[in-house]
Protein chains: 2
Amino acid sequence: MLLSAGCEYAIQALLYLESNEQDELKTVVSIAKETSIPPSFLAKIVQRLVAEDVLVSGKGPGGGVALARPAAEITLLDIVQAIDGLGFKSQCVLGFPDCNDKVPCPVHSYWGELREDIAYMFAAKSLKDFASEITPAVRRRLRTGRNKR
Amino acid sequence: MLLSAGCEYAIQALLYLESNEQDELKTVVSIAKETSIPPSFLAKIVQRLVAEDVLVSGKGPGGGVALARPAAEITLLDIVQAIDGLGFKSQCVLGFPDCNDKVPCPVHSYWGELREDIAYMFAAKSLKDFASEITPAVRRRLRTGRNKR
DNA sequence: CGGAATAAGGACTATTTAATCCGTTTTTAT
DNA sequence: ATAAAAACGGATTAAATAGTCCTTATTCCG
């Protein structure tokens, strides 16, 4: 698994928010319900996303969270960075503690290219890019059951 | 982290064995020492690799383990499969439980390509391919300290 | 045969990650 | 003002992963 559970949830929740943008705040509980993400866990993740300026929030009745900026300006990389950090961009895939460009592990150069591609994809894709793809019907079909982990 | 700790250790240990092939069995303890892998954990991993026919073993004095076949015939994919299984080839990178070719998540196609590339690299690289790269000096420099995790 | 060296295997412990719970604060509406 | 609705934040629990330990089984060597 490349991304942590929390990070996957974060992306799923934000995709949901994007596909439902109505300039209104959505409560964490309602998001959790719609996305089948454990509500109390999602609450923690959302806290993080607010702290990292990916979401904005409001307390009290009518409160909730919303994207902090236009969907086009929130990339997958922003989300990954907020939740998991950027370790995936530097860690050796074989786990050698001191693997780097000067003292590379056997697959360093091969993996380096793939890593670049992955980072590029994350950086290139914003929530906006998925606007058309995540319809309610698709969302339901992507999650007929519970999350497995 | 794409691979589990155990899987990373397995690869490291096998790379070491390959670079030391002398048609003799090496004890798990000596491998652990040379590679700085926790010995009792490595013992478990080695058990698995023996069960999966990646290593052969012999008990008693003079016993130990050795590659079950020529290094050219042991790919990284063999090792990953033995320890972590092939989940990485099918799991949705965004964690959608039911993501597949028919009902794809937003990044399904992009990730699919990268996944293919990763799987291809694992399948294409055998221990033999690293023979020249893992000299004792390099091995030491890849691990000046402990494993970090 | 007896002892030592080694892998095998099972049970256990520790650490990290995932997830829950509950009291506090802020805000809104009545 | 008061009550309710929400996020906030800390403490706790649960589950998965990582790692240890100890006993047993096998094999070799004398």
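Atoms considered below: every heavy atom in the structure, side chains included; atoms not considered: hydrogens, waters and symmetry mates. These numbers come from a predicted model, not from an experiment. Just so it is clear: chains get the letters A, B, ... in the order the sequence lines come, proteins before strands, and each one is counted from 1.
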Nearest-Å distance, CG (B:L3) to C1' (D:dA18)? 15 Å

To the nearest Å, how far apart are A:Q47 CD and C:dC21 C1'? 13 Å

Hey, are B:N100 and B:H108 close enough side-chain-wise for a donor-acceptor pair under 3.5 Å? no

Taking side chain as C-beta onward, heavy atoms only, is B:I11 less than 4.5 Å from A:V107? no

In whole angstrom, what separates A:L25's CG from D:dC8's P? 11 Å

A:Q81 backbone acceptor or donor facing A:D84 side chain under 3.5 Å: no

Where the side chain of A:S40 is concerned, which of C:dC21, C:dG9, C:dA18 is the nearest nucleotide? C:dC21

Measure CZ/A:F41 against C1'/C:dT20 and give the value in whole Å, please. 11 Å

Contact list please: residues 87-94 of chain A against DNA chain D, heavy atoms, distance less than 4.0 Å, in numerical order. none

Can you tell me the distance, in whole Å, between the CG atom of B:L42 and the P atom of D:dC21? 15 Å

Using atom types as modelled and distance alone, determine if a side-chain donor or acceptor of A:R115 lies under 3.5 Å from a backbone N or O of A:Q91. yes

Where the side chain of A:T27 is concerned, which of C:dA8, C:dT20, D:dA6 is the nearest nucleotide? D:dA6

Please check: side-chain N/O of B:E18 versus main-chain N/O of B:K128, any donor-acceptor pairing under 3.5 Å? no

Among C:dT20, D:dT20, D:dA18, find the nucleotide with the atom closest to the side chain of B:P38. D:dT20

Answer with yes or no whether B:K44 presents, from its side chain, a donor or acceptor under 3.5 Å of a partner atom in the base of C:dG9. yes

Please report, rounded to the nearest Å, how far the P atom of C:dT17 is from the CG atom of A:L2. 15 Å

Can you list, in residue-number order, the parts of residues 48-70 of chain A that come under 4.0 Å of DNA chain C, counting heavy atoms only? A:K59, A:G60, A:P61

Gap between atoms CD1 and P, on A:I31 and D:dA5 respectively (whole Å): 18 Å

Check: A:Y110 ring centre within less than 6.0 Å of B:F122 ring centre: no

Can you find a pair of side-chain heavy atoms, one from A:L17 and one from A:V65, that are under 4.5 Å apart? yes

Taking B:R48 for the side chain and B:A82 for the main chain, is one N or O donor matched with an acceptor at less than 3.5 Å? yes

Reckon A:Y9 has a side-chain N or O less than 4.0 Å from the OP1 or OP2 of C:dA18? no

Regarding B:V29, tell me which of base, sugar-phosphate or nothing describes its non-hydrogen contacts under 4.0 Å with the strands shown. nothing

What integer distance in Å separates B:E8:CD from D:dT17:C1'? 13 Å

Measuring only between side-chain heavy atoms, which start at C-beta, is A:V46 closer than 4.5 Å to A:I31? no

